[in-house]
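So the structure is just underneath, and the comments pick up after that.
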Amino acid sequence: MFDAQRFPFIEKFDEFGVSNWVPYLPLMLTYQGRSLDVLALLDTGSTVNVLPYEIGLQLGAVWEEQTLSIPLAGNIARLEARGLLISATIGRFTPVNLAFAWTQANDVPLILGYLNFFSEFDVCFYGSQLAFEVCPKQLQQ
């Protein structure tokens, strides 16, 4: 990929102590002048980006001020979520605005999904190498 940045998979352990290698992307989130370095799970099966409650609070977001309700699906469908637009910086790339479904749960990972992470970035997974590459979408000429 043109101008791609490569990242390693990160070893995580489940509740049984079993090791898994997963594509976590380091990025910086910025909201209303506050910034936070985080790791986000790249999830090609997720329709939306999901932001855990505590991370939103650390960025200074106020739950009651967010009025757009976002429906969630899958194993987090039972959770309430509200829309939150946050600037994200990945490596050396220009910051982009990412739309998050901010949920009041803290037991969910920070997830980057189709809307709108995978529409802003191209990602290539190299499973046998335990790595992935990310690059901003290429504008059509």
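Here CH2 of Trp102 is found 11.5 Å from CD1 of Ile55. Values are rounded to the nearest 0.5 Å. Note that OH of Tyr126 and CZ of Phe7 are 13.0 Å apart. Values are rounded to the nearest 0.5 Å. Note that CG of Leu84 is 5.0 Å distant from CD of Gln66, once rounded to the nearest 0.5 Å. How far CG of Leu59 is from OG1 of Thr30: 7.5 Å, rounded to the nearest 0.5 Å. Atoms CG and CG, on Leu98 and Asn116 in that order, are 5.0 Å from each other to the nearest 0.5 Å. The line from CD1 of Ile86 to CZ of Arg34 is 12.5 Å long, rounded to the nearest 0.5 Å.
In terms of hydrophobic clustering, with Ile, Leu, Val, Met, Phe, Trp and Tyr side chains grouped at heavy-atom distances under 4.5 Å, Phe118 and Ile90 are assigned to a common cluster. Clustering ILVMFWY residues whenever any of their side-chain heavy atoms sit less than 4.5 angstrom apart, transitively, puts Tyr31 in a cluster other than the one holding Met28. In the hydrophobic cluster analysis, where Ile, Leu, Val, Met, Phe, Trp and Tyr join through side-chain heavy atoms closer than 4.5 angstrom, Leu115 is grouped apart from Leu42. Both Leu27 and Val96 sit in one connected hydrophobic cluster of ILVMFWY residues. Membership requires side-chain heavy atoms under 4.5 Å apart, directly or through other members. Cluster annotation: Val123 and Tyr114 are assigned to the same hydrophobic cluster (Ile/Leu/Val/Met/Phe/Trp/Tyr, side-chain heavy-atom contacts under 4.5 Å, transitive).
Residues Ile10 and Lys12 form a side-chain contact, since some pair of their non-hydrogen atoms from C-beta on lies under 4.5 Å apart. Counting heavy atoms from C-beta on, the side chains of Leu79 and Val50 never come closer than 4.5 Å. Side-chain contact between Leu130 and Pro8 is absent, with no heavy-atom pair separated by less than 4.5 Å. Taking the side chain as every heavy atom from C-beta outward, Tyr24 and Leu112 never approach each other to under 4.5 Å.
Val108 approaches Ile76 most closely through the heavy-atom pair CG1-CG2, 3.7 Å. The two residues Pro95 and Ser87 make their nearest non-hydrogen contact at CB-OG, 3.6 Å. Phe13 and Ser19 make their closest contact through CE2-CB, 3.6 Å (heavy atoms, listed as atom of the first residue, atom of the second, distance). Val48 approaches Ala101 most closely through the heavy-atom pair CG2-CB, 4.1 Å.
Of the possible donor and acceptor atoms, one in the side chain of Thr103 sits under 3.5 Å from a partner among the backbone N and O of Glu80. Panel note: side chain Asp122, backbone Lys137; no donor-acceptor pair is recorded below 3.5 Å. Using modelled atom types, no side-chain atom of Asn97 and backbone atom of Leu85 make a donor-acceptor pair closer than 3.5 Å. Checked by atom type and distance alone, the side chain of Arg6 never pairs as donor or acceptor with a backbone atom of Ala131 at under 3.5 Å. Under the 3.5 Å distance criterion, the side-chain polar atoms of Gln138 are matched with a main-chain donor or acceptor of Pro136.
The other residues sharing a hydrophobic cluster with Ile70 are Leu68, where clustering joins ILVMFWY side chains under 4.5 Å apart.
Paired with Phe117 under the rule side-chain contact (heavy atoms from CB on, under 4.5 Å), one option of Asp43, Ile111, Thr44, Asn49 passes, and it is Asn49.
Ring geometry for Phe132 against Phe125 counts as tilted: the plane angle lies between 30° and 60°, on a 0 to 90° scale. Ring geometry, Phe121 versus Phe93: the interplanar angle falls from 30° to 60°, so the pair is classed tilted.
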Going through the distances and angles, do Asp3 and Arg92 end up as a side-chain contact (heavy atoms from CB on, under 4.5 Å)?
CA-CA 10 Å; Asp3 196 31; Arg92 64 181 181 273; 3.3 Å; yes

